[in-house]
Participant: 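Mind looking over this structure? Questions follow.
All figures in this text were calculated on a predicted structure; none of them were measured in a lab. Hydrogens, waters and symmetry mates are skipped; everything else that's a heavy atom, side chains included, is used.
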Amino acid sequence: MNLKPLGDRVILKQDEAEERTASGIYIASTNKEKPCCGTILAVGEGKRDNNGNLIPMAVKEGDRVVYSKYAGNEIQVDGQDYILVKADDIYAVYA
């Protein structure tokens, strides 16, 4: 992928939606809940404070993260779907 996010944004690959419940019942495609977890593929350089100092990103490529359910913009690059998310919309990193 030849796409580099700017500022405090990241590009991530969203996890696939669950197709079955824990008890084994299949979920219709119209009722699947949008996943809020994904893997970071690219990271911007960070945000600048009021004095112009660069605040580095708290996440890095390869991190698996939890982000806001309604955050980001869906984009398509080379036939693949990705999400462009601001760092403020990322809530946690899997340890």
Participant: List the atom of Val85, the atom of Ala71, and the distance in Å for their closest heavy-atom pair.
Facilitator: CG1-CB, 4.4 Å

Participant: Membership question, hydrophobic clusters at under 4.5 Å side-chain separation (ILVMFWY): are Val77 and Leu84 in the same one?
Facilitator: yes

Participant: For the pair Asp63 and Lys60, evaluate salt bridge (charged side-chain N to carboxylate O under 4.0 Å, His left out) and give the outcome as yes or no after the intermediate values.
Facilitator: CA-CA 6 Å; Asp63 282 350; Lys60 62 186 181 313; 3.0 Å; yes

Participant: Asn50: which residues meet the side chain to side chain contact (heavy atoms under 4.5 Å, CB included) condition with it, sequence neighbours left out?
Facilitator: none

Participant: Can you confirm whether Asp78 is buried at CG, in the sense that more than 12 heavy atoms of other residues, nucleotides or ligands lie under 6.0 Å from that atom?
Facilitator: no

Participant: Report the distance from atom CD of Glu45 to atom CD1 of Ile55, rounding to the nearest 0.5 Å.
Facilitator: 12.0 Å

Participant: Hydrophobic clusters join Ile, Leu, Val, Met, Phe, Trp and Tyr when side-chain heavy atoms are under 4.5 Å apart, directly or via other members; which others share one with Val66?
Facilitator: Tyr94

Participant: With distance as the sole test, does Asp49 use its side chain to make a donor-acceptor pair with the main-chain N or O of Asn51 at under 3.5 Å?
Facilitator: yes

Participant: Where do Asp15 and Gly38 come nearest, in terms of heavy atoms and distance?
Facilitator: OD1-CA, 3.6 Å

Participant: Checking side-chain contact (heavy atoms from CB on, under 4.5 Å) against Tyr82, which of Leu12, Val10, Ile11 comes through?
Facilitator: Ile11

Participant: Looking at CD1 of Ile75 and CD of Gln80, how far apart are the two atoms once the value is rounded to the nearest 0.5 Å?
Facilitator: 11.5 Å

Participant: Check Met57 against Gly44 and note the closest heavy-atom contact, atom names and distance.
Facilitator: CG-O, 3.4 Å

Participant: Without swapping roles, check the side chain of Lys13 against the backbone of Ile83 for a donor-acceptor pair under 3.5 Å.
Facilitator: no

Participant: Only counting residues at least two apart or in another chain, list the ones meeting side chain to side chain contact (heavy atoms under 4.5 Å, CB included) with Lys47.
Facilitator: Asp8, Asp88

Participant: Are any non-hydrogen side-chain atoms of Cys37 and Val65 less than 4.5 angstrom apart?
Facilitator: no

Participant: Please list, chain by chain and in numerical order, all residues satisfying salt bridge (charged side-chain N to carboxylate O under 4.0 Å, His left out) with Arg48, sequence neighbours excluded.
Facilitator: none

Participant: Rounded at 0.5 Å granularity, tell me how far OG1 in Thr39 sits from CD in Gln14.
Facilitator: 11.0 Å

Participant: Quick check: is Leu3 connected to Leu41 through a chain of hydrophobic side chains (ILVMFWY, heavy atoms under 4.5 Å apart)?
Facilitator: yes

Participant: Lys4: what forms a side-chain hydrogen bond (donor to acceptor under 3.5 Å, both in side chains) with it, not counting sequence neighbours?
Facilitator: none

Participant: Residues sharing Leu54's hydrophobic cluster, by side-chain heavy-atom contacts under 4.5 Å among ILVMFWY, directly or via others?
Facilitator: none

